[in-house]
Trainee: 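Take this structure first; my questions come after.
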Amino acid sequence: MSLNGWLQIVLFIAAVLLLAKPMGSYLTRVFEGRRTFLDPLLGPCERLLYRLTGVKPEEEMRWTEYAVAMLAFSAATLVLTYAIERLQHLLPLNPQHLPGVEPALALNTAISFTTNTNWQSYVPESTMSYLTQMVGLATHNFWSAAVGLALAVAFVRGIARRETKTLGNFWVDLTRGTLWVLLPISIVFALALVSQGVVQNFRAYDTAKLVEPQKSVGTDGKTTTITTQTIAQGPVASQEAIKMLGTNGGGFFNANSAHPFENPTPLTNFLQMLSIFLIPAGLTVMLGQMVGSPKHGWAILAAMVVLWFAGTATCYWAESQANPLLHGVDQRASLTQSGGNMEGKEVRFGIANSALFAAVTTDASCGAVNGMHDSFTPLGGMVPMVNILLGEVVFGGVGAGLYGMLVFVIMAVFIAGLMVGRTPEYLGKKIEAYDIQMGMLYLLIFPLLILGFAAVAVLMPNLGLGSLTNHGPHGLSEILYAYTSATGNNGSAFAGLNANTHWWNYSLAIAMFFGRFMMIVPMLAIAGNLAGKKITPASAGTFPVTTPLFTLLLTGVIVIVGALTFFPALSLGPVLEHLLLRAGHTF
Amino acid sequence: MTDALLILALLLAFTTAGLYVDGCDRLKGTKRV
């Protein structure tokens with residue numbers, strides 16, 4: 001670890017905290033329908049969209065109507081993406097003449113992008129045409145993030161409103177989130193990326209002649225001399241901006257943000273990380289403003305920062321350690337090398353920015369990577385996995401992070417109520433049996449999917465184990481990470497396993513689908529129930545949700561739920577691998 | 001044929017999710033003795 005590395009980490013979180021309030025205030029204005037500087041430009045577009053689609057923006061929806069509208073929208077856009085993938089060989093903007101995507105992979109990818117997961121069981125530059133990337137996938141980067149935003153706003157309205165049955169209008173929230181928040185920032189961000197060297201074109205791939213031909217030995221033992229390299233390109237910058245801002249994470253290229261055309265400079269790396277946390281941090285401020293308790297928003301943001309710091313510091317420390325199995329190699333940090341574990345990392349980012357990126361991308365449900373998590377040390381690789389296992393609430397995905405965190409807040413105030421023997425209240429609303437039932441449903445679906453699917457994959461040699469390239473505890477980590485990433489709608493891969501098989505494509509698709517929609521429904525049910533409640537005036541016995549004690553309790557509840565649920569699995573995976581590495585074994 | 005089956009499975013999954021919405025809503029009125 002170095003002072004330089006720590007300074008960059010501090011600079012990053014300082015920038016996030018500085019931007020949280022302006023972003024949050026802007027989100028509040030957008031979703032409360034107040035005037036913004038973009039209204040003259042976007043107001044007519046919004047009204048035109050409503051006229052064309054027949055949406056009546058003044059009509060409010062109950063939580064069930066809101067949920068059904070969200071499901072209908074997701075179903076329609078999912079089928080559209082599936083069709084584009086299957087038919088891409090017949091559609092324009094396919095200069096490489098790529099064939100239609102195979103059905104299982106097309107289904108997996110359509111579900112993946114609809115659920116904001118962006119898990120990729122394929123190599124994008126050799127599988128997806130430009131049209132598929134733009135119309136099939138990048139549009140989902142906007143839509144799935146806008147759906148998350150809308151759901152978070154609906155939850156916040158549920159808390160803020162009193163004695164009403166409605167949470168707003170899904171179509172209005174979806175439209176305003178896309179037009180006022182995601183599109184303008186993405187356009188500015190894409191231009192900034194282009195200025196740094198991210199490509200944006202529709203050309204066919206170039207072929208470059210290698211200065212030094214390379215020899216490659218195939219699996220059949222035959223040696224081939226490689227004399228040329230294909231330079232993939234395309235409309236990258238426009239997809240890259242929303243990929244990060246919308247916490248989507250699906251790369252235009254297989255190497256994702258480790259590819260120099262996606263993430264060419266330290267500045268783009270910094271901006272990419274910043275854009276992942278920008279909206280989730282702003283949403284906590286929006287929560288505080290909309291419920292009339294700004295300090296409550298800051299208390300939640302503080303819990304997120306504490307958990308982010310714990311993960312980042314652990315990962316940075318673990319990756320700065322030398323590999324004990326590399327004898328006679330200088331692995332110390334110096335002016336000429338990063339030191340530590342540089343396998344699978346870009347030298348232009350080094351240890352600090354690779355560890356920080358890994359923590360940020362898995363705290364939020366982004367899933368973009370600038371280093372290969374599979375090559376991290378066992379404890380360093382455990383951090384991204386634990387970040388997702390905590391429920392993607394540490395900043396979390398756009399919208400999804402806030403509503404997930406609010407379910408934990410309800411659990412925290414419930415536990416506080418149990419401790420003092422008093423009916424729990426949250427911002428003046430009594431938390432009752434139904435809220436806890438739905439909260440527990442939300443919390444239990446997550447481990448059920450991850451551990452259930454991982455157990456089946458481990459027990460079925462022909463299905464799960466057959467795709468592994470590493471065995472022992474590292475193989476278990478790869479399987480566990482895949483289902484964790486899918487269910488948590490993160491999308492990053494630990495790699496090391498071939499996921500483009502029928503088993504993995506279908507099982508991960510099911511995990512992504514249920515991990516998204518089966519968790520959203522009970523969350524909206526809580527919101528709908530809260531909206532109908534009366535406000536009880538605070539008394540001396542009310543547990544305050546604006547204090548450091550609340551932040552501590554909330555952090556404790558998140559860690560304990562995650563630790564108790566997943567510790568046995570983690571102890572057989574990364575923890576065991578760490579101990580065996582120290583004893584001289586590698587996998 | 002595969003495409004038709006997969007799209008049918010998707011629509012079934014979303015219909016199930018719709019029923020799940022209804023189930024969660026009905027649960028609200030349930031009281032245990």
Side-chain angles (χ1 to χ4, degrees), chain A residues 62-83 85-87 100-108 110-111 114 165 432-435 437-438 441-442 445 502 505-506 509-510 512-514 516-529 532, chain B:
Chain A
R62 288 185 71 236
W63 82 263
T64 47
E65 294 167 310
Y66 205 96
V68 169
M70 179 274 300
L71 289 170
F73 176 75
S74 300
T77 53
L78 198 161
V79 172
L80 173 72
T81 299
Y82 179 82
E85 288 179 72
R86 294 286 292 135
L87 300 171
V101 181
E102 181 268 325
L105 179 59
L107 180 84
N108 179 289
I111 290 180
T114 306
K165 289 182 174 173
E432 294 161 318
Y434 181 73
D435 305 307
Q437 284 166 355
M438 291 295 108
L441 191 56
Y442 180 96
I445 287 167
H502 275 64
N505 275 327
Y506 288 128
I510 295 168
M512 289 186 278
F513 183 91
F514 285 97
R516 172 84 163 177
F517 298 114
M518 296 297 116
M519 291 173 74
I520 284 173
V521 172
M523 177 279 294
L524 273 178
I526 297 172
N529 198 40
Chain B
M1 185 64 184
T2 312
D3 291 320
L5 281 174
L6 286 178
I7 289 172
L8 195 66
L10 274 175
L11 296 178
L12 202 64
F14 276 106
T15 310
T16 310
L19 291 172
Y20 179 53
V21 172
D22 186 52
C24 285
D25 194 34
R26 282 168 191 263
L27 194 66
K28 195 183 168 189
T30 309
K31 287 207 188 242
R32 290 188 184 175
V33 180

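Letters A, B, ... mirror the listed sequences (proteins, then strands); counts begin at 1.
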Trainee: Mind checking the NZ-CD spacing from B:K28 to A:Q437? Nearest 0.5 Å is all I need.
Mentor: 12.0 Å
Trainee: Please state whether the side chain, the backbone, both or neither of A:Y66 comes within less than 4.5 Å of a heavy atom of chain B.
Mentor: neither
Trainee: Tell me if the aromatic rings of A:F513 and B:F14 count as close, with their centers under 6.0 Å from one another.
Mentor: yes
Trainee: Could you check B:V21 against A:L524 for side chain to side chain contact (heavy atoms under 4.5 Å, CB included), going step by step and ending with a plain yes or no?
Mentor: CA-CA 9 Å; B:V21 172; A:L524 273 178; over 6 Å; no
Trainee: When rounded to the nearest 0.5 angstrom, what is the spacing between OG1 in B:T16 and CZ in A:F517?
Mentor: 12.5 Å
Trainee: If you count heavy-atom pairs within less than 4.5 Å of chain B, which of A:V79, A:V68, A:L78 leads?
Mentor: A:L78
Trainee: Among B:D22, B:T2, B:D3, B:L11, which residue has the highest count of heavy-atom pairs closer than 4.5 Å to chain A?
Mentor: B:D3
Trainee: If you count heavy-atom pairs under 4.5 Å between each of A:L107, A:V521, A:I111 and chain B, which one has the most?
Mentor: A:V521
Trainee: Within a strict 4.5 Å, meaning less than it, do heavy atoms of the B:C24 and A:L441 side chains meet?
Mentor: yes
Trainee: Look only at the side chain of B:Y20 and the backbone of A:M518, and say whether a donor-acceptor pair between them is shorter than 3.5 Å.
Mentor: yes
Trainee: So which heavy atom on A:L71 is nearest to which on B:G18, and how close?
Mentor: CD1-N, 3.9 Å
Trainee: Where is the tightest heavy-atom contact between A:Y434 and B:L27, given as atom of each residue plus distance?
Mentor: CE1-C, 4.0 Å
